[in-house]
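Since the structure comes first, as structure tokens, the remarks are kept for the end.
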Amino acid sequence: MKRTKVKRLLAEKAIGQEICVKGWVRTRRGSKNVSFIALNDGSTINNIQVVAEGDHFDDKILKKITTGSAISVIGILVASKGGQQNIEILAAAIEILGEADADEYPLQPKKHSLEFLREKAHLRFRTNTFSAVFRLRHALTFAVHKFFNDKGFSSIHSPIITGVDAEGAGEMFQVTTLDLENIGPEVDYTTDFFGSKTNLTVSGQLEAELAALALGQVYTFGPTFRSENSNTSRHLSEFWMIEPEVAFADLEENMDLAEEFLKYCIQYCITNCADDLRFLDNRLVEEEKNLKKEEKHEMGLLERLQFVIENDFERLTYIEAIDILRNSKPNKKKKFNYIIEGFGDDLQSEHERYLVEKKFKKPVIITDYPKGIKAFYMKQNEDGKTVRAMDILFPLIGEIVGGSQREEDLEKLSQRMEEMGVEKEELWWYLETRKFGTCIHSGFGLGFERLIMFVTGMKNIRDVIPFPRTPQNADF
RNA sequence: UCCUCCUUAGCUCAGUUGGUUAGAGCAUCUGACUGUUAAUCAGAGGGUCCUAGGUUCGAAUCCUAGAGGGGGAGCCA
């Protein structure tokens, strides 16, 4: 008999029908006469209750239905006599597909800490929280592709192994087939696999620009690698990044695209993952129950998502932001660790948080940063001091998007590369796009895991990717 | 990389000023129970107190070093 997924059973409620379900046991409880099995098959956060009457089943079978075991059930869908579910399955036959020794199976039907589950990353998919997070991760993946596809963008697979070491986006992982245990003091990269020094990509942007200057609208969505020794709740050594790049678009259009994109993705989850979001919403309420009032969030998860969709992001220039910060209470009272004095100061995370969480209480887009603190490829403003950059700051997670209008003028770009010590020879192909048929264009990079954090309310980035890669950890 | 906190049973955690045989809840096992909702009730088993040194008559507790983890900072997405 073909199995029906739990999600469909709960939606259709076809009472009286004989059905087959397969899944993993969350709990079994009951008395000598009757057992209740909470069964989950991953199609939804919700379990289906299987009722096994004692006289129909051998004690030996019932004993094997432990938390974590996989079973197949054939039975009749009936209205439930219990209070907490409408329907349940009255089991006629139960087959044990895979046992889970209760003495050894690490997950119990109770709350586990996220830290503990991180050490059990191979099994944490089986918990409510992580199954919800990973269904949402999928929904967001799909929403990203759907958004861009519907707008006529082409997906571009930028290379994962690259010889470019010029963007300065971060420390790189080297890729080599050289025998590291027998390497001389002088390394001859012409003998290496690719005949030159290669690394894992830190960004697909430069390649995306090449494609955009032909296909018009493109985006990359792929893995990105940074070997920085960052030990924080919002950095990974391997993460996924989305980088749209649009020809003939200026910074305004770039911001409009980013804002529309973020709202679309969030709305997609609200529409398609209501059960999972409701579960995560409750989870956060529970988590914050014991916190002091001032430590609690003003809004619940769902409320927060709705709020972001319904309100325009606050847009201001770097100079305006510095002005606000310089005159802010924490700056005057020297509560900031880094006091803002004026133009040229970098915005630290405490300043970003002040703007987003205290001053505007919504997402903020800051534009036109000093050129000294931004990358070489950003379009220079007339003032000679600032560049057409934009960062989108989100509540709780900080910078979620970094983007800019690109410098399309060959002369200005070359000059800036020289000033910043970027090797022009290495990026000859990048420069040729400015030599042949150059045009204004813009793009941004969005950290996919940071978006998932915002949508799910998870506070540590390691809990929104199946197998996090961080310094000193590449388990599983 | 820096600052800071933590590491005690399978899990979550208590352990007073350094003092007998290190505790609780949950989980597990045994038994009871006619429909449970993290079922309940009774009983049992379960410990490298992170590791290595040191101080002390005596260390889970104090000191030093190391490992692992959390939070914050920097870098960024």
Side-chain angles (χ1 to χ4, degrees), chain A residues 26-38 47 49-55 63 66-68 78-85 88 90 100-120 127-128 167-171 202-205 220 223-243 258 286 295 336-338 346-353 373-375 391-394 397-403 444-454 459-465 470-473 475:
Chain A
R26 285 293 166 77
T27 59
R28 193 188 114 236
R29 55 183 173 263
S31 64
K32 192 161 60 181
N33 301 303
V34 61
S35 284
F36 301 95
I37 303 157
N47 302 327
Q49 174 158 285
V50 176
V51 182
E53 292 184 331
D55 44 354
K63 278 256 162 80
T66 54
T67 298
V78 296
S80 178
K81 294 178 199 167
Q84 298 190 12
Q85 59 279 319
E88 62 192 18
L90 188 59
D101 186 339
D103 273 326
E104 291 183 65
Y105 187 64
L107 303 185
Q108 296 161 22
K110 64 166 226 171
K111 285 216 171 73
H112 288 289
S113 68
L114 296 172
E115 292 82 8
F116 170 73
L117 292 170
R118 234 168 264 156
E119 291 168 13
K120 306 270 180 278
T127 63
N128 287 332
E167 204 209 317
E171 295 296 312
V202 291
S203 164
Q205 181 202 313
T220 71
T224 310
F225 308 87
R226 308 233 171 129
S227 66
E228 245 115 41
N229 196 2
S230 296
N231 292 292
T232 82
S233 54
R234 32 177 218 292
H235 288 87
L236 290 166
S237 309
E238 175 183 291
F239 64 101
W240 289 67
M241 191 152 64
I242 297 146
E243 295 175 291
E286 288 293 316
E295 289 170 337
F336 284 142
N337 288 318
Y338 297 86
D346 215 342
L347 299 184
Q348 308 294 331
S349 34
E350 59 184 347
H351 307 130
E352 298 179 351
R353 271 205 309 277
I373 58 174
K374 289 289 179 187
D391 283 359
I392 303 185
L393 312 176
F394 258 40
I397 55 171
E399 186 178 343
I400 193 167
V401 164
F444 61 86
L446 179 137
F448 187 50
E449 281 76 16
R450 291 190 181 170
L451 176 60
I452 304 172
M453 284 172 81
F454 183 74
K459 295 190 172 77
N460 192 313
I461 201 165
R462 291 165 192 146
D463 296 329
V464 299
I465 188 165
T470 52
Q472 298 300 313
N473 172 39
D475 290 343

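Letters A, B, ... mirror the listed sequences (proteins, then strands); counts begin at 1.
- Straight-line distance between the P atoms of B/A24 and B/G69: roughly 31 Å, to the nearest whole Å.
- Among the protein residues, A/Ser349 comes within range of the sugar-phosphate backbone only, with heavy atoms under 4.0 Å from sugar or phosphate atoms but none that close to a base.
- Remark: P of B/C3 and OH of A/Tyr338 are 13 Å apart, rounded to the nearest angstrom.
- Ring stacking is absent between A/Phe448 and B/A77, as the pair misses the limits of under 5.5 Å between centres and under 30 degrees between planes.
- A donor and an acceptor atom never sit less than 3.5 Å apart when one is taken from the side chain of A/Lys32 and the other from the base of B/C33.
- Taking atom P in both B/C26 and B/G19, one finds a spacing of 29 Å when rounded to whole Å.
- Judged by distance alone with a 3.5 Å cut-off, no donor-acceptor contact links the side chain of A/Glu115 to the base of B/U12.
- Of the candidate nucleotides B/G35, B/G70, B/G25, B/G25 has the atom lying nearest to any side-chain atom of A/Lys110.
- B/G25 is paired with B/C11 under the Watson-Crick or G-U wobble criterion, all donor-acceptor distances under 3.5 Å.
- Looking at A/Arg118 and A/Asp475, no side-chain N of the basic residue comes within less than 4.0 Å of a carboxylate O on the acidic one, giving no salt bridge.
- At the heavy-atom level, A/Thr67 lies nowhere under 4.0 Å from the strands shown.
- For A/Gln108 against B/G10, a side-chain-to-base donor-acceptor contact under 3.5 Å is present.
- Using a 4.0 Å heavy-atom cutoff across all strands shown, A/Gly30 reaches at least one base atom of the nucleic acid.
- Here A/Leu236 lies in heavy-atom contact (under 4.0 Å) with a base.
- With a cut-off of 3.5 Å on both Watson-Crick or G-U wobble distances, the partner of B/G46 is given as none.
- Along RNA chain B, the nucleotide nearest to A/Lys81 and the one nearest to A/Gly447 differ in position, and the one closer to the 5' end is contacted by A/Lys81.
- Comparing atom distances between the A/Arg118 side chain and each of B/A77, B/G69, B/C11 picks out B/G69 as nearest.
- Using a 4.0 Å heavy-atom criterion, one finds that A/Arg234 contacts the bases of the nucleic acid, with or without backbone contacts as well.
- One C1' atom belongs to B/U21, the other to B/C2, and the distance between them is 45 Å to the nearest Å.
- Using a 4.0 Å heavy-atom cutoff across all strands shown, A/Ser31 reaches at least one base atom of the nucleic acid.
- Among the atoms of the strands shown, only primed sugar atoms or phosphate atoms (P, OP1, OP2) are found under 4.0 Å from some heavy atom of A/Asp103.
- As the counterpart of B/U1, B/A73 is assigned, both hydrogen-bonding distances of the Watson-Crick or G-U wobble pattern falling under 3.5 Å.
- Atoms CG (A/Asn337) and P (B/C75) sit 13 Å apart, rounded to a whole Å.
- If you check every strand for non-hydrogen atoms under 4.0 Å, A/Ser35 touches nothing.
- Nearest to the side chain of A/His112, among B/C11, B/C75, B/G71, sits B/C11.
- Protein atom CD of A/Glu119 is 15 Å distant from nucleotide atom P of B/U7, rounded to whole Å.
- Put simply, A/Gln49 has no side-chain N or O that comes within less than 4.0 Å of OP1 or OP2 on B/U36.
- Pairing for B/C62 goes to B/G54, judged as Watson-Crick or G-U wobble with the two contacts each under 3.5 Å.
- Note on A/Arg353: only backbone sugar-phosphate atoms sit closer than 4.0 angstrom, heavy atoms only; bases stay farther off.
- Using atom P as the reference point in both B/G54 and B/A27, the two lie 43 Å apart (nearest Å).
- Between A/Asn460 and B/G69, a side-chain N or O to OP1/OP2 separation shorter than 4.0 Å is absent.
- We find that NE2 of A/His235 is positioned 9 Å from C1' of B/G74, with the value rounded to whole Å.
- Within the nucleic acid shown, A/Gln85 comes within 4.0 Å of at least one base atom, counting heavy atoms only.
- Base pairing analysis places B/U34 opposite nothing; no Watson-Crick or G-U wobble pair with both distances below 3.5 Å involves it.
- For the pair A/Asn33 CG and B/U40 C1', the computed distance is 15 Å after rounding to whole Å.
- For NZ of A/Lys459, the number of neighbouring non-hydrogen atoms (other residues, nucleotides, ligands) closer than 6.0 Å is greater than 12.
- Taking atom NZ of residue A/Lys374 and atom P of nucleotide B/C76, one finds them 8 Å apart after rounding to whole Å.
- Following rounding to the nearest Å, A/Asn231 (CG) and B/C2 (C1') show an atom-to-atom distance of 11 Å.
- Taking only side-chain nitrogens and oxygens, A/Arg462 never comes nearer than 4.0 Å to OP1 or OP2 of B/G69.
- Atom CD in A/Gln84 sits about 9 Å away from atom C1' in B/U36, given to the nearest Å.
- In this model, the phosphate group of B/C75 is approached by a side-chain N or O of A/Gln348 to a distance below 4.0 Å at OP1 or OP2.
- Scanning atom types as modelled, one donor and one acceptor separated by under 3.5 angstrom connect the side chain of A/Ser230 and the base of B/C75.
- Residue contacts for A/Phe239: at a heavy-atom cut-off of 4.0 Å it reaches a base atom on one of the strands shown.
- Among the nucleotides B/G35, B/C75, B/C11, the one closest to any side-chain atom of A/Phe116 is B/C11.
- A donor and an acceptor atom sit less than 3.5 Å apart, one in the side chain of A/Glu88 and one in the base of B/G35.
- Nearer to the 5' terminus of RNA chain B, by closest-nucleotide assignment, is the contact made by A/Ala79 (compared with the other of A/Thr232 and A/Ala79).
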